[in-house]
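Protein chains get the first letters and strands the later ones, always in sequence-line order, with residue 1 at the start of each.
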Protein chains: 2
Amino acid sequence: MTRILVVDDEPQILRALRINLAARHYEVAVAADGGAALRQAADWQPDLIMLDLGLPDIDGVDVIHGVRGWSSIPIIVLSGRASNQDKIDALDAGADDYVTKPFGIDELLARVRAVTRRAAVQDEELAQVQVGEHVVDLSRKTVSSGVRLTPTEWHILEILLRNPGKLVSQRQLLAEVWGAKFVKETHYLRQYMVQLRRKLEADPAHPAHLITEPGMGYRFMP
Amino acid sequence: MTRILVVDDEPQILRALRINLAARHYEVAVAADGGAALRQAADWQPDLIMLDLGLPDIDGVDVIHGVRGWSSIPIIVLSGRASNQDKIDALDAGADDYVTKPFGIDELLARVRAVTRRAAVQDEELAQVQVGEHVVDLSRKTVSSGVRLTPTEWHILEILLRNPGKLVSQRQLLAEVWGAKFVKETHYLRQYMVQLRRKLEADPAHPAHLITEPGMGYRFMP
DNA sequence: GCCGGTCTTGACGGGTTCCATACGCCATCA
DNA sequence: TGATGGCGTATGGAACCCGTCAAGACCGGC
């Protein structure tokens with residue numbers, strides 16, 4: 001189910017959007033200011049953000065920057081300001097679409113579908129990945145032959161599998177799984193890479209798919 | 001260079017868009033009706049399509065369907081019809097954005113950047129450089145034929161490859177890789193240039209791509 | 001309160017990478 | 001022709017990183 005974070009400081013708009021989106025079977029969370037929005041975006045990991053530019057604490061464009069610093073979640077801007085420069089600033093900051101109030105709910109929903117369409121295509125393609133003898137299903141969180149993974153193991157494996165063939169730095173893995181304060185704790189990774197290889201590799205001592213790049217990071221080889 | 005196909009039946013709009021886009025260094029092709037648009041899209045392989053809905057031969061939504069049948073090229077719809085249903089139909093047919101005439105050229109350009117941004121991210125990942133017999137992929141941190149590089153080797157090679165044909169001073173290399181305090185330790189560089197040439201050059205004693213400029217620095221020749 | 005699974009933390013051996021030193025070659029210039 | 005400076009190459013030890021084992025801490029369900 002698609003998770004949408006709605007950010008607006010007007011309670012009645014928040015309420016109207018929540019009801020309309022929930023009726024279309026979206027999962028909805030709300031935030032009333034920029035600080036809450038950034039926190040929610042990080043904690044709740046929405047699939048899309050609807051962002052009003054006129055927030056009480058932080059300027060909307062800065063919220064976009066704040067999110068784009070670590071994520072490429074689609075962002076649709078809702079705004080009362082119809083001026084061209086506002087649109088340009090928001091879009092160039094990293095917004096995916098810009099809708100001017102007042103707007104029809106049906107148009108908004110169509111834009112939501114348009115923006116999420118691409119991301120959905122990519123996710124579906126990545127749903128199942130072959131790792132040696134095993135098939136990993138990322139959306140259903142299952143592995144063939146009854147292999148079971150712990151939450152932390154899933155988290156690490158997902159990051160690696162979403163970047164096939166690409167080097168993923170230890171720093172990035174530690175920051176995404178444990179948080180920014182743990183980027184030096186490389187032995188956490190060593191620990192879990194052993195576990196993953198034991199569960200997925202045919203010969204855990206000589207891994208063929210979960211590869212170490214000494215001094216740099218790890219890599220998933222399809 | 002980004003290639004944009006502009007589809008509109010009004011010659012003056014076609015002309016205005018062509019001039020404005022060309023001024024921003026986009027490569028532009030035009031089509032005046034739906035048939036020509038579908039042909040051009042297939043033949044010319046644009047990176048983005050700007051599509052007017054009011055075409056003389058085919059309905060704009062059907063043009064979108066025609067393109068989406070075989071491609072996921074980004075499509076921005078330009079339209080005089082401001083009705084909600086038109087927007088919804090176009091977006092659900094597969095358009096990425098919908099702009100209502102009249103529009104500001106700056107807003108349109110911002111939307112072009114927003115729509116092409118995601119595709120651009122994927123293109124960046126094709127940052128491959130040919131070094132003699134080998135192909136170096138900077139984003140994935142891989143070299144063809146199983147050649148492996150250490151972190152320091154990567155660091156030096158990246159700086160050189162990102163400045164193709166340009167002289168990079170020893171001072172700059174030492175400062176970037178080891179820090180400002182090491183700008184005199186030129187023997188570090190000699191050490192690692194040997195290693196890089198051994199791993200990448202066909203004849204390491206007579207390098208063809210990783211060139212020394214005596215007394216000044218090093219240069220990567222494509 | 002007990003128990004199983006999971007996550008954190010510590011310690012150790014082996015291998016690789018990095019750094020330091022030494023030496024030979026070559027071009028330039030006196 | 002000899003001195004000099006910059007460069008390429010070889011080699012050894014130190015530091016670092018990784019994989020592995022093991023044990024304690026934490027957390028949930030029963």
Side-chain angles (χ1 to χ4, degrees), chain A residues 141 143 146-160 167-220, chain B residues 141 143 146-158 160 167-219:
Chain A
K141 294 268 187 298
V143 185
V147 175
R148 285 190 52 241
L149 302 180
T150 73
T152 310
E153 287 165 3
W154 269 113
H155 207 156
I156 295 172
L157 188 63
E158 254 193 82
I159 298 171
L160 291 173
L167 175 78
V168 182
S169 71
Q170 331 185 51
R171 200 186 172 76
Q172 183 188 340
L173 285 167
L174 288 162
E176 281 203 41
V177 177
W178 281 274
K181 309 207 160 173
F182 293 80
V183 291
K184 303 272 176 196
E185 312 289 330
T186 58
H187 57 286
Y188 287 14
L189 282 178
R190 298 210 294 276
Q191 192 68 25
Y192 281 95
M193 290 309 295
V194 170
Q195 306 276 27
L196 282 172
R197 295 206 256 244
R198 266 211 267 266
K199 292 181 179 181
L200 297 175
E201 291 276 3
D203 181 0
H206 304 94
H209 302 97
L210 302 173
I211 312 292
T212 302
E213 298 287 349
M216 304 198 290
Y218 294 88
R219 182 198 306 279
F220 164 62
Chain B
K141 293 269 188 306
V143 185
V147 175
R148 285 191 50 243
L149 303 180
T150 72
T152 311
E153 287 164 4
W154 270 112
H155 207 154
I156 295 172
L157 187 64
E158 262 195 74
L160 291 173
L167 173 73
V168 182
S169 72
Q170 319 186 32
R171 198 187 175 76
Q172 182 187 342
L173 285 167
L174 287 162
E176 278 203 45
V177 177
W178 281 272
K181 308 201 162 174
F182 294 81
V183 291
K184 303 275 178 195
E185 313 288 330
T186 58
H187 59 286
Y188 288 11
L189 282 178
R190 298 209 293 277
Q191 190 80 8
Y192 281 96
M193 291 308 296
V194 170
Q195 305 275 30
L196 282 172
R197 295 205 256 244
R198 265 212 269 265
K199 291 182 178 179
L200 297 174
E201 291 275 4
D203 181 359
H206 304 93
H209 302 97
L210 301 172
I211 312 293
T212 302
E213 299 286 350
M216 303 167 52
Y218 295 87
R219 183 198 306 275

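- For the side chain to side chain contact (heavy atoms under 4.5 Å, CB included) with A:Tyr218, the qualifying choice from A:Leu210, A:Ile156, A:Val168, A:Leu173 is A:Leu173, the only one to do so.
- The shortest side-chain heavy-atom distance between A:Trp154 and A:Val143 falls under the 4.5 Å cut-off.
- We find the OG1-CZ distance between A:Thr212 and A:Arg197 to be 4.0 Å, quoted to the nearest 0.5 Å.
- Under the side chain to side chain donor-acceptor pair (under 3.5 Å) criterion, the residue pairs touching residues 167-184 of chain A are A:Gln172-A:Glu176, with sequence neighbours excluded.
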Under 4.0 Å protein heavy-atom contact, by nucleotide of nucleotides 10-30 of chain C - B base, S sugar-phosphate only: -------SSBBB---------
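- Formation of a donor-acceptor pair under 3.5 Å by the A:Glu201 side chain with backbone atoms of A:His209 is found in this model.
- Residue A:Gln170 is classed as a sugar-phosphate contact, given heavy-atom separations below 4.0 Å to backbone atoms only.
- Extent of DNA chain D lying under 4.0 Å from chain A heavy atoms, first and last nucleotide in 5' to 3' order, is D:dC17 to D:dA22.
- Rounded to the nearest 0.5 Å, atoms CE (A:Met193) and CG (A:Leu157) are 8.5 Å apart.
- A salt bridge links B:Lys141 with B:Glu158; the closest basic N to acidic carboxylate O contact falls under 4.0 Å.
- Of the inter-residue distances, the one linking B:Leu196 atom CG with B:Gln191 atom CD reads 11.0 Å to the nearest 0.5 angstrom.
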